[in-house]
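Here's the structure we're looking at; comments come further down.
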Amino acid sequence: MFRNPLAIAVFMALPLAAHSLNDPLDDWGDSSWGGQDEIANMPIVLTATRLRQSQLDTPASVTIIEAELIERMGIRTIEEIFRLVPGMLVANDGTHGGKQTTVTYHGTQVAEHRRLQVLVDGRSVYKPALPSVPRVSWTDLPLAVEDIQRIEVIRGPNSAAYGANSFLGIVNILTKKPEDVHGVRAKVTRGSNGIRDFYVNKGAKIAGTDYRITLSGKSDDGFDFREDKNSDEPEKNRDSREINHFSLRTNTTLSKKLNLETQIGYKEGTNQQRETEDIIYYRTPQDIDVVDSFLWTRLHHEISQSQQIQYQAYYQYTNRVQEWEACIGSTLTGGAFDQLDYCVDANLNGTEERVDVEIQHTMAWNKYLRTVSGTRYRKESVESETYLPERFDVETRSLFGNAEIKLTEDWVINLGVSWEDDDLSDSATTPRIAINKHISNNQVLRLIYSEAVRSPNIFEQRGQEIYRLRNAEFSTAWEQANDGTILTEDEFIYVATSPTDPQLQHEKIRSHELSYFALLADGQFQFDIKVFRDDLDNLISEPLGNDDEQLTNSTSFTLEGAETQIKWSPVSSDELLLTYAYINPLNERSTDEDYILNELRLMTQHSGSAAWLHRWTPRTSTAVAYYFVDDWNKETSGGPYDFERLDANVTHTIPVTGNLDLRLSGTLEYRLDNDPLLWRDNQYNDKEKYFISAELVF
């Protein structure tokens, strides 16, 4: 079952360590060792190994973003938050009809980006199959940015803890607990670019159950123009969106040992699409209507102070409807249709479902050893008459284990490994080993080696692109020219296909990291720097749904670089945040140079951010941020492009009466460059965008 020598060593080490250190502590709790629990403001990380750890002990570089920072920065959408993470890039795809948002760590493909694992309270929102839906559809998440408590970003591969597809990194979005948000919040946001948002939240307790219920909506007009906004008649972009969302989270204490959490979420919305083919006349638009929903539950069973079991299960469902009526005909000069030959109804509809069940066991054997292990079963179902020849069900089975071993007060070793097997790909074993050397009780030096894989999804292994005719209408002239031969609705128009032979293999990454983390000046100065080398192999770089070529595992290259983040509070009223990343791709090896170019479009050597937050009074604060990306999408027509933006926010709270507060906020985003956003079709009419919010809290 396990073919990797390092993986075998890790699994052998777990029971041996447990046997030799078999004196469990009843008072383990959540504290660290060697007095670290007494360090002021020491960040606690939940995601890196599935253990609750001091950031000094994590086997990964981690960025933590709290709700207060998001609010004070005036960030409106979830994806914009990640501009504050070193090495992460936020862009919009401009190659298709829609402007889907892509968030990536260390770049690679922009269209159908599928190498970043994203969790919401431990529930994966990574889409399983349809190529026209991004692997993480940020627009379609049933989640309001106001409900986020914190975000933990694991900057590096982490298949050892979360299985295949935790490839470049992991984002874990943790939402606010119901018991922490009793009361009511009502918020309205208006601004340029058609921004029209609302948010209503209520939290309370009924019969021993705390609950939080949210209703929210977001809408905007997207980008203004395609290509040349300065021409006499610039072409309008069609990419506005309107989203409404509902969620309910509950927390019930069943007994001293049992705690039950549940969540329900529902989102529906419309994403406008521009016409993608110049040779087709569109009678109706290709707009996308999406319904995204989920049901999640988690049961905590505390067997003792040193041992607990967690049961988690969820179901999520996505229904994507994209239907339109298109016509084919002869054209005149200038693109006007002289005669329509025939018109048909077409669609890119599809549904995706997931059932996921996981059991996790955590044990503190003694003050030197903690372990977490578990198993997961997942079933994904996809159906689309355009993209798949039939309904596909894929089952995945996985095991995982992580051990934190404290050799001395100065040395900590983290060992982790996972094994995963699904119906479409071979099984994969992915290990991780990290050695943490504590230089002092608030400084650590980390040496990390980890491996990860990404499993080819259902479309990559079995996909097609076939448009079936519906409600065909033919002109008399066309019928006569074709001797009366008319296609029936049982026939189809073949466009593209992507099945592969032989079967695609896992994409693979081997990551080497040396990093340093320190929390100095009584917790007021936080410094994190890492240097890395990532070897990526077996990459599937061809565009999905291309009839000219089949998908292959033909691309390999190496990424080397460094990144840093600094957080400094020189005085209690001020906070400075700095990030920077340098990434250099090396050793490109591919059967076709175009494939490498696909991987480099969303990659840049230099990127970063700087932010200053100041609290003038307990009720008034300001924030200023600067973001930059140098020379991305170098190989496209018109590229490379730069990105520089300056943001400013002011927030003021007015006490109205009793427990009622009025919170006012205004945000300005100003582009300092003159380039489109990654692609030439992504252009705004004005450099500035602004929005203001009024919120009642009681």
Is the shortest heavy-atom distance from the side chain of [X] to the side chain of [Y] under 4.5 Å?
{"X": "Thr108", "Y": "Leu539", "result": "no"}
{"X": "Leu119", "Y": "Tyr162", "result": "yes"}
{"X": "Ser609", "Y": "Leu577", "result": "no"}
{"X": "Ile75", "Y": "Ile70", "result": "yes"}

Would a distance-only check, ignoring hydrogens and angles, find a side-chain to backbone donor-acceptor pair under 3.5 Å from [X] to [Y]?
{"X": "Asp197", "Y": "Ser219", "answer": "yes"}
{"X": "His245", "Y": "Lys267", "answer": "no"}
{"X": "Tyr105", "Y": "Val171", "answer": "no"}
{"X": "Glu560", "Y": "Asn584", "answer": "no"}
{"X": "Tyr126", "Y": "Arg114", "answer": "yes"}
{"X": "Asn682", "Y": "Pro676", "answer": "no"}
{"X": "Glu79", "Y": "Val90", "answer": "no"}
{"X": "Asp287", "Y": "Gln273", "answer": "yes"}
{"X": "Asn457", "Y": "Phe459", "answer": "yes"}

Identify, with sequence neighbours excluded, every residue that meets side chain to side chain donor-acceptor pair (under 3.5 Å) alongside [X].
{"X": "Asp647", "answer": "Arg645"}
{"X": "Gln526", "answer": "none"}
{"X": "Asn165", "answer": "none"}
{"X": "Thr667", "answer": "Asn649"}

Tabulate below the donor-acceptor pairs under 3.5 Å that side-chain atoms of residues 622-629 make, not counting sequence neighbours, or state none.
residue: Thr622; atom: OG1; partner: Trp616; partner atom: NE1; Å: 3.0
residue: Tyr626; atom: OH; partner: Glu644; partner atom: OE2; Å: 2.5

Ring center gap for Phe527 and Phe517 short of 6.0 angstrom: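 That pair fails the under 6.0 Å test.
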Sub-6.0 Å ring centroid separation between His606 and Tyr582: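 Judged by ring-centre distance (under 6.0 Å), His606 and Tyr582 do meet the cut-off.
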Approximate separation, where rounding is to 0.5 Å, of [X] [atom1] and [Y] [atom2]:
{"X": "Leu646", "Y": "Arg671", "atom1": "CG", "atom2": "CZ", "answer": "12.5 Å"}
{"X": "Asn271", "Y": "Ser137", "atom1": "CG", "atom2": "OG", "answer": "7.0 Å"}
{"X": "Asn193", "Y": "Lys689", "atom1": "CG", "atom2": "NZ", "answer": "5.5 Å"}
{"X": "Asp147", "Y": "Ile173", "atom1": "CG", "atom2": "CD1", "answer": "11.5 Å"}

When you compare the side chains of [X] and [Y], does any donor N or O come within less than 3.5 Å of an acceptor on the partner?
{"X": "Asn553", "Y": "Glu507", "answer": "no"}
{"X": "Tyr641", "Y": "Asp673", "answer": "no"}
{"X": "Ser240", "Y": "Asp221", "answer": "no"}
{"X": "Thr579", "Y": "Glu563", "answer": "no"}
{"X": "Thr77", "Y": "Lys218", "answer": "no"}
{"X": "Glu146", "Y": "Ser216", "answer": "no"}
{"X": "Asn158", "Y": "Arg432", "answer": "yes"}

Salt bridge (charged side-chain N to carboxylate O under 4.0 Å, His left out) contacts in which one or both residues fall within residues 572-586, not counting sequence neighbours: Lys567-Glu575
Side chain to side chain contact (heavy atoms under 4.5 Å, CB included) partners for Asp631, two or more places apart: Lys634, Pro640, Asp642
By side chain to side chain contact (heavy atoms under 4.5 Å, CB included) - contacts of Thr63 (at least two apart): Ile65, Val85, Pro86, Val153, Arg155, Gln565
Salt bridge (Lys or Arg N to Asp or Glu O under 4.0 Å) partners of [X], counting only residues at least two apart:
{"X": "Glu68", "value": "Arg72, Arg615"}
{"X": "Glu71", "value": "Arg185, Arg663"}
{"X": "Glu242", "value": "none"}
{"X": "Arg510", "value": "Asp535, Asp537"}

Leu613 and Met73: CA distance, side-chain angles, deciding distance, side-chain contact (heavy atoms from CB on, under 4.5 Å) verdict: CA-CA 8 Å; Leu613 294 85; Met73 294 285 291; 4.1 Å; yes
Under a 4.0 Å N-O cut-off, is there an ion pair linking [X] with [Y]?
{"X": "Arg123", "Y": "Asp121", "answer": "no"}
{"X": "Glu669", "Y": "Arg76", "answer": "no"}
{"X": "Asp140", "Y": "Arg320", "answer": "no"}

Criterion side chain to side chain donor-acceptor pair (under 3.5 Å) on Ser159 and Glu451, from CA distance to verdict: CA-CA 7 Å; Ser159 284; Glu451 297 181 8; over 6 Å; no
Step-by-step side-chain contact (heavy atoms from CB on, under 4.5 Å) determination, Asp239 to Asn92: CA-CA 11 Å; Asp239 60 349; Asn92 294 79; over 6 Å; no
Ile692 atom CD1, over 12 foreign heavy atoms within 6.0 Å: no
Over 12 non-hydrogen atoms of neighbours within 6.0 angstrom of OH in Tyr690: no
Side chain to side chain donor-acceptor pair (under 3.5 Å) between Gln53 and Thr58, intermediate numbers included: CA-CA 6 Å; Gln53 293 178 300; Thr58 58; 5.6 Å; no
Parallel, tilted or perpendicular: ring planes of Phe223 versus Tyr684, cut at 30 and 60 degrees: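 Aromatic pair Phe223/Tyr684 classed tilted.
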Steps toward side chain to side chain donor-acceptor pair (under 3.5 Å) verdict (Ser124, Gln117): CA-CA 7 Å; Ser124 173; Gln117 180 66 272; 2.8 Å; yes
Evaluation steps, side-chain contact (heavy atoms from CB on, under 4.5 Å), between Trp568 and Leu520: CA-CA 9 Å; Trp568 182 33; Leu520 308 173; over 6 Å; no
Arg115 to Phe167 - nearest heavy-atom pair and separation: O-CB, 3.4 Å
Derivation of the side-chain contact (heavy atoms from CB on, under 4.5 Å) call for Leu89 and Leu678: CA-CA 11 Å; Leu89 298 173; Leu678 186 66; over 6 Å; no
